[in-house]
Protein chains: 2
Amino acid sequence: MKDTHPTHIALHDAGDADEATFGERGARLARLARVGLPVPLGRLVSVDLVAQVAAEGAEAALGDLISAVAGRLPPDGLLALRGSPERTAWGGPTALLNIGITDARLPALIERVGPGCAAELYFRLIAGFGVTVRGMDPDEFETLVYDQVKHSGVSGEAELPAEAWASLLQQAKRAFEADTEQPFPQSVETQLAAAIDAMAHRWHTPSARILRAARGAPEDAGIALIIQRMVLGIGERACGAGIAHFTDERSGVPLTWGRFLPCAQGPDVLMGLRTPHLITSEERARAGQSAKALEEMIPGAVTTLAGLWDMAGSGLGESYSFEFTIEDGTVWLLDAAPGRRSSRAAVRIAVDLARKGAITREDAILRVEPRNLVEHLHPQIDPTAQRDTLGQGLAASPGAATGKIVFSPEEAQALHAQGEAAILVRVETSPEDIRGMHSAAGVITVRGGMTSHAAVIARGLGLPCVVGAGDLRLDAKRQKLVARDGRSFDAGDIVTVDGTRGEVVAGAPAMIQAELTGAFETLMSWADQVRGIEVRANADTPADARTARGFNVDGIGLCRTEHMFFHEDRINVMREMILADTREDRVRALDRLLPMQRDDIVELFSIMRGLPVTIRLLDPPLHEFLPHSRDEMHTLAEAMDVPVSQIVARAESLREFNPMLGKRGVRLGVTMPEIYDMQARAIFEAAAIVNLQNLEQVVPEIMIPLVSANREAEMVKARVDAIAAAVMAEREVSLTYRLGVMVETPRAALRAGDLARSSAFLSFGTNDLTQMTYGLSRDDAGRFMRDYVNQGVYPEDPFHSLDIEGVGELLLMASQRGRATNPTLTLGLCGEHGGDPASIRFCTLAGFDYVSCSPFRVPIARLAAAQATILSQRGEVMA
Amino acid sequence: MKDTHPTHIALHDAGDADEATFGERGARLARLARVGLPVPLGRLVSVDLVAQVAAEGAEAALGDLISAVAGRLPPDGLLALRGSPERTAWGGPTALLNIGITDARLPALIERVGPGCAAELYFRLIAGFGVTVRGMDPDEFETLVYDQVKHSGVSGEAELPAEAWASLLQQAKRAFEADTEQPFPQSVETQLAAAIDAMAHRWHTPSARILRAARGAPEDAGIALIIQRMVLGIGERACGAGIAHFTDERSGVPLTWGRFLPCAQGPDVLMGLRTPHLITSEERARAGQSAKALEEMIPGAVTTLAGLWDMAGSGLGESYSFEFTIEDGTVWLLDAAPGRRSSRAAVRIAVDLARKGAITREDAILRVEPRNLVEHLHPQIDPTAQRDTLGQGLAASPGAATGKIVFSPEEAQALHAQGEAAILVRVETSPEDIRGMHSAAGVITVRGGMTSHAAVIARGLGLPCVVGAGDLRLDAKRQKLVARDGRSFDAGDIVTVDGTRGEVVAGAPAMIQAELTGAFETLMSWADQVRGIEVRANADTPADARTARGFNVDGIGLCRTEHMFFHEDRINVMREMILADTREDRVRALDRLLPMQRDDIVELFSIMRGLPVTIRLLDPPLHEFLPHSRDEMHTLAEAMDVPVSQIVARAESLREFNPMLGKRGVRLGVTMPEIYDMQARAIFEAAAIVNLQNLEQVVPEIMIPLVSANREAEMVKARVDAIAAAVMAEREVSLTYRLGVMVETPRAALRAGDLARSSAFLSFGTNDLTQMTYGLSRDDAGRFMRDYVNQGVYPEDPFHSLDIEGVGELLLMASQRGRATNPTLTLGLCGEHGGDPASIRFCTLAGFDYVSCSPFRVPIARLAAAQATILSQRGEVMA
C-alpha cells in the first residue's frame, strides 16, 4: 500500500506535495505556486480520496468540498477539472474546462467576455461534459460545428459570428438531451460532482488499467484531481494560450521560442487546429513568417514569461517549458514541463544549473539519461535538418556518417585510400569484410539483427551502422541500392547513415559534431567522483584499448585473446596448430604463436599501464579458425603442403551441432592444455617485459572461460601457477597476477562458492549466461525476438537489458556464495550488459566491484554508475 | 572423524561388531560366530587401534594383547593374521598364516602333523613372513621350490617328500638371513608383533592409499586386524581347504557346488596351483571328472556344509558361499561371502529368503541392484557359454541377439520378411535407418557414443545394440566386417550382439531367455506396494506404450508428438506446412495433419486407458523435418510441385547456429500458434472419442516444452483452453485435462513460482536442463566426455547420472517455489535420468510425484523407487 491518505488541500498551501499523493502535475503546480509563479488558485484532491470517490461516489466522499467550491465561485467564474496521475506518462483523462456555466449564470459570463465567446464557452462545456462525463461520441459535436461553418460560409470555426455560436449552443443542448435523456445539468455543484465521478471511475475501469499497464504503470497506480479556477484565454481583451520554451533543444543554449494562439484555450494550441503564431520576432524572422509574433501582439508578455522561467530555474532547479494562458493581458501558467531537449542540451543545462547553485552536482548527474550520451560521442544529423529518408532498419551502432555508396570491402578500401568517405552496403557482413569496415565511414546491411556480425563489429569500431534495413533492396547483379520508394542508387552516390535512429538518408544533411569537452567533460568528472563501482572496457586490440583509455576507463575487464589469432599473419599458424596430428606438432605451432601473442599483450599492457587488464584464455571452438569455403581450404592446403582432404576431414571432425554448447573455453584448456600453457606464458613474459620498462607495475588478471565445474578451474590454475613460477625464474623477476573464473554457465553460478575458494575474481559473462539461462542462442533468437518483445512475451530483449528476475537471481546467488567462501573476492560483469544503465544499477546494488563494457559505452557506464551510487545512497528503490 | 575407538575384542564376543570398527571381514566372522557357525577362535583389533599401531608401533599399542595371545598358544598351536579393511573391495594385505612356528616349537608340530607337513608349514611361514613383513622378493622362495621339485624329480610341489621340505626349510632360513641380515625370529611374540606392525604400516603408505583411492576408498579408510587360531588344512588325517557355493549363479536355484583341495591351506584353492576336486558327485558326473568329489572323499563334510549354509541363511538372512578348511575331519569356516551371482539369482534368492521369513520383504527389495534387472528383460548370452569375442564397443542397449550380418536397412527388412534374424552393421545410423532397425534383431555401429542415434533408438526399441565398436572395421566397399584379430565376416555370416557387455561375438553361443515371471514378478509386486513415487514411461508410439503397459507402468510421462510426423505418409504434409508462405497455407496443411495426429493419440489413449498420458506439444526446430540431401530436396520439390530452389531457400532460412538453443518448443507455439492449436484439437478430439468408448476416462495432460518465461505458458494456455471449450461444445462432451510446463531451461526452474500459478504440473526435462546448466551440448560432449570423467573433471557423466550439486539444486529450488505458490502442483521428471536409480532416489527425497523413463527402464525404476522410499523412511542418508 502507498503511504498516502485521503485528503484535499489548497494548491497554494501544498508546496511540499509529493507525486504519490497529488500526482505529478498537482505536485508540480504546487511547487510552481510555492516559488511565486502565477498559477491559478485551486484545490488538489489526493490519490486516495479519488479512489474513495471511485468506490463511494463524489457526493459521499467529497460532497462538502464540492459545495464549498461551487458556493464560493463568483457569478462569472468558471472551473477547470484536471486529472493528475502519479506519472504523466501513464496517460489520463482529458481536462474538463469551463465548468460552471448554466443558463442562469450565462448573463454574467456574457457581461465578462461578450455573447459570442460566452456561447462558445458554453458549447465547449456541453461538448466536453457530454463526451468525457456522459460518454457521448465527439463526432456529434464536431459535426455540428462543421455544418455550422459550412452554413455560415466562413473558413473556420474561429470566424464564426456570435449568432452562429448561440445557435450551436442550442443545438448542443438538444444533442445532449437526445443522447442522455436528461437536460444539461443546471447547477455548478451537479456539473462538478458528475465530472469528478466520471474521472474517478474512468481511471479504475479494466480497460484503462490495461492501457496503463502497457505504459508501465503498476496495478495500483492512482490519480489525483486538480480543481482550478479557469483562466480564460478567450475574451475580448488581450488573451490567448501558448507554449513557451527557453532553451535550444539541440544544444541547451538559452533561446526563447514557442507558439501562441490568440483567443484560445490551452488544448487548442496542442491540437493544432489553427496555425499558431510564433513567440519572438527573431523566431518569426528566421522562419520567414508574416503573422505577428506574441511579443509584437502583446508587448511585455514574452519578457514576463522569460522572467518566470528564470524564477522557476532558481527556485526549483529545473529548466521548464511553460503552457500558459493570457487573460486580459495577464500571464498564467497552466503547466510547466521540463523541456524536451537533446542530450547535449540536457548536459549543458544540468551543468549550468549546478554551477549556478540551483541544483547540486548529484542532481545534475541524475538529470542526464546515460543512454543519450551516445549523442556526444559521435557526429549526428542536425535535428533541424531536412531528411530525405530512403529506408529504415535497426539502429545498430550510433552516430551518423555521409559518404559514397560502395558495395564491396575492396571499394571501401580504395575510396578510403583516396581520402574519401565510403558507406559500405552489404546484404550481411562476414569476417572477410572486417578490413572493408575499417575503411568505411558507415555501414548498411539489408539483413541481420542487433547482434549480427556487422552490428557487433560496427559498435566496436564506433562506426555508424544500420542493419536489417529490409526497406531497402540490394540489387547485387546490377550493383544498385533500391529505396523503399523505388529510387535507385549506384556506387558513388552520396548517402548518409543515421545509426542513432536506424535510418538511411539521401544526400548529405547538416551534421553536428561529437563533443567530449566542456559540459560533458565536467559532468563526467563529477560522475567519477561519485560513483562506487569501477567501469572497465572490453578491449581486444590496442585500438580498443586506446579508445577506452581516451574515455577515462578504469581498466580492461575482458580482452578476448582469440581475436589476436585472426590476423592474416597468424591465422595460418593457428590453423597449423589445429591441424596438428600430435601434441608435438601442436606445441611447435604454439611456439610460433607465442611471440606474436606476447607482443600483442606487451602493447596492451603498455597502453593500459597502471590499470588492471583481464585477459581471457582462448574461448571459441577450434573450428571457428578453420576456413569455411572450398577455395580457402585449397589455399590453406597449399600453404601447409598437405592434401586438401586432410583439411576437409579435420574441419568435419571438429564440426559441432551446437557450437555454443560445444568444446570451447576451459574444455579446450583441459583437453589440450598446451594451448593455455602458451597463453599463460605469453601473458607472464609480456608482464615481465613491461614491468621492466615502466614504473607502474602490471598485475595481469587471467580469466578462465566457460567453467562449469570447479575441477576445471583447479586444473588450469595448477598449470598457470607453474608457468608463472617458470617465467619468474627464467627472467629473474617477480610477478603478481590474479587468476579468476568467467561465470557463464548457470552451473558456475550455482557452484560459485566452490569456485571462489581458489579464484581471485569472478566475472559474469552475461551474454552466454543469458543464453544458457533462457536456453536461447543469441544468433538464432534474432528471428523472433522482435515478435517476442512486441507481444510482451519478454518485457525486453534480455540480451540488451539484463533479465533481473532470472539471470539476475543467478548473479546475486553467485555473488553471495562467492563472497561467503572468499570475502576478498572481486566481482565483475563483462558482456554487453556492462554498458546498460539498468544492469549497472543492478551491479551497484549487488555490491559488484566493476562492470566492463565496449569502449564506446564507457562514458554511459560511468554516468549510470554514478547515478546508481547516488540513488543507492539515498535509499531509493531502483527500477 | 569416525565414531569408533581403539579396542580389541574376542571374535566370539563381537556379534554386534560393525564394519567401521572391525572391517567387513571381521564383522562378518563375528556375526557367523554369533549364530553358531564354526569359526576359529580369535581376536579382532579395531580400525583405530590399528591406526595407533601404525603411529606408535605394535609393542607400544598392543604389547599386552600380543603377550597374552602368544602366552596362551598351545605348543602345537599356530596363528593366522588377516587384515579386515572396512570394505573388502578396497583391497588389503595378504594373510600371514602359520605364525608361531619356531625351532623350539617345531617338535610339537611334528607330533601333530608329521615331519613333512611341519617342515612345509615352517617353510611357508618363513616365505610369507619374508615377503609380507620383511619385503623380500617372492621369487626367491618360489625358485627354491621350483629347483627342489626339479631336483627331486617329482611332478609338483604336492609330491615333494618330507626330506625335500626339510631341506627347503633350511634353504629358506638361509635366504631369510642373507636378505634381512637377521636370523628368522624365534619367538611367537616377535613374529606376531612384527607381522602386525607390517600390516598396519603397509596400509598407511602413500602408494597403498593411492591404490585404495582408485578403488573408491576415502582418504581415511581404515583396516582392522583378525588374529585367529590356525585351522590346519594340512595334516595326515582328513583335511584340506575349499570353497563351497549353494546356489546356481545364473538362476539362484539351490545347487551345491565348489572346489576342494585335500591337504591344503585356503590360499592354495584360490591360487589354483593344483587342480581342485569338485564338491558333489553330481557335479563331478556332469563335468565328467574322474577325481573323487569331496563328498566321496570325506563323507558328511558336504552335508555339514549345507547345514551351515542353512543356519547362516536363517540366522543372518543371506545366502553365503563359504571358504572352509577341514581339519581332522572337522569343518571350519575361514570366511563367508555373499555368493557372486547373476541378477536373476539375486532376485530368486532375495524372494526365497523373504518367503522363508529370514529377511523382510523390504530387505529383499533392497538386496537387488536395480540396474541389474535389465538381465531379466532381455535374452542374455549364457554366462557359462564359451565366447569368441570379435570386438568391443559400448554397451548401448542391453540384451543379446544372434543373427545374420546385414549392411543395409533394406537387407534387414528383406531378411526379416523371410523370418530370419538380422544383425544390422553400420558405421553410424541415421533417421533413414529406423525402419531397418525395426526389422533387425540387433545393431552394431562402428562409431558413435551412448547417446548416438543408434543407441537411443535401440534402447527405445529394446534392441540389443553395441555402438562405437572401434575394434571392428567396416569395409564398406567390399561389404565386410573385419574383427580386431583380422578375421573378416560377410553379409549372411552369423554373429551375436551382446548389448549388455558391449561385445560382438562370433557364431551363436548358448542363450538364456528373458524372465518376467516368478521371483521377478513377485519382487516387482512387493516394490509396487512399497514405493511412494509413480513410475511413468516416455512413450511416443503405440508400440512404446504397449511395452510400458506390459511393464506395469503408472502412465505416460512424456509422449513426444513430433515422432508421429516422421512417418512416411506424414512427413510430406508436415513439410508442406513448414514450406507454406502464408498462415492460410499453413493451416491447410495442419488441417490434413489433424486426423493423423488424432488417430495416433486415440490409439495411445486406448492402450493407456485409465492412466495419465502426458503429451508434449511440438518441440524440435522445424528444419529437422526438412530433407537434408539434395536428392531428397528434389524429390520433395517434385512431390509438392514447387521449384527446388524454394525448398533450398526455406531450409537455408531455417538453418540455425545452435538448434538446441533456437526456435523450438514453445517459441514455435508462440510465433506460429496454429501448430499448437492443431495439436490441442487432436488431443481433445481423441479424448472425446476414447471417452465415449471406455468407462475409464482419459484425462489428457498437455505439456508445453522449452518455456523460459511465464508469459509463454500463459499465451499457450489461453489458446488451449479456448480449443478445449470449442471441442467440448462441438462434440457435446465434457473433458477434464491438465496443462503443465516442461522445465528445461534454468530460467524456468528459477521462475517456477510464477509458472506453477497456472500450471497443473511441472515436469523436469533433465536432458535439456543439464545441457543448459552446464552449457554443454550432449551431441557435442561425446568427443571429450570420456576424458573428462576419466580425469575426474566431472565425477560422472551428468547425462547419465543426475548432477545433484548443480542441476539438482535447480530441481529442488523449482519444486519448492512451485509448491509454494501452488500446493497441489504435480512434480515429475522425464528424460533419461528418470530411469537412473540415483536420480530416482533424489526425486523421491525431493517429494516428486513421478519419474518417467524409457519403457525398458520401467522395472528398474519401479525397484529403485521402492528402495528410495524404504531408505528414506528409514532415514538413511542417500548416496
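Each chain gets a letter, A, B and so on, in the order the sequences are listed, and its residues count up from 1. As the structure is a computational prediction, the values presented were derived from the model and not from experiment.
Side chain of Asn658(A) to main chain of Ser777(B): no donor-acceptor pair is present (N/O by atom type, distance under 3.5 Å, no hydrogens or angles).
A salt bridge links Arg817(B) to Glu809(A): one of the charged nitrogens lies within less than 4.0 Å of a carboxylate oxygen. Checked for salt-bridge contact, Arg778(B) and Glu656(A) miss the test: no charged N lies under 4.0 Å from a carboxylate O.
Residues Met772(B) and Pro746(A) come closest through the heavy atom pair O-CD, 3.2 Å. Between Val793(A) and Ala709(B), the closest heavy-atom pair is O-CB, 3.9 Å.
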Q.
Show, in sequence, the C-alpha distance, side-chain angles and deciding distance for Phe657(B) and Asp780(A), and conclude whether the side chain to side chain contact (heavy atoms under 4.5 Å, CB included) test is met.
A. CA-CA 6 Å; Phe657(B) 295 98; Asp780(A) 300 309; 3.4 Å; yes
Q: Go through the steps for Met813(B) and Leu750(A) under the test side chain to side chain contact (heavy atoms under 4.5 Å, CB included), then give the verdict.
A: CA-CA 11 Å; Met813(B) 206 184 282; Leu750(A) 292 166; 4.3 Å; yes
Q: With side chain to side chain contact (heavy atoms under 4.5 Å, CB included) as the test, would you mind laying out the steps for Val670(A) and Phe784(B) before giving the verdict?
A: CA-CA 10 Å; Val670(A) 166; Phe784(B) 59 92; over 6 Å; no
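Atom CG in Leu661(A) sits 4.5 Å away from atom CG in Leu661(B) (nearest 0.5 Å).
With 3.5 Å as the limit, one finds a donor-acceptor pair spanning the side chains of Ser708(A) and Tyr794(B).
Annotation: maximal heavy-atom pairing with chain A below 4.5 Å, among Leu706(B), Asp779(B), Asp768(B), occurs at Asp779(B). Most heavy-atom pairs under 4.5 Å with chain B: of the set Asp803(A), Val807(A), Leu769(A), this distinction falls to Asp803(A). Counting heavy-atom pairs under 4.5 Å between each of Thr671(B), Val707(B), Asp787(B), Thr745(B) and chain A puts Thr745(B) at the top. Contacts with chain B were tallied for Arg667(A), Gln771(A), Lys663(A), Arg664(A); Arg667(A) has the most, counting heavy-atom pairs under 4.5 Å. Contact tally against chain B (heavy-atom pairs below 4.5 Å) for Gly775(A), Ala748(A), Gly665(A), Gly806(A): the top residue is Gly775(A).
With a 4.5 angstrom heavy-atom cutoff, Leu654(B) touches chain A via backbone and side-chain atoms both. Heavy atoms of Thr773(A) lying under 4.5 Å from chain B belong to its backbone as well as its side chain. With a threshold of 4.5 angstrom between heavy atoms, Gln791(A) approaches chain B through its backbone and through its side chain. For Met715(A), the part lying under 4.5 angstrom from a heavy atom of chain B is the side chain only.
Here the side chains of Leu810(B) and Arg747(A) are not in contact, with every heavy-atom distance at 4.5 Å or above.
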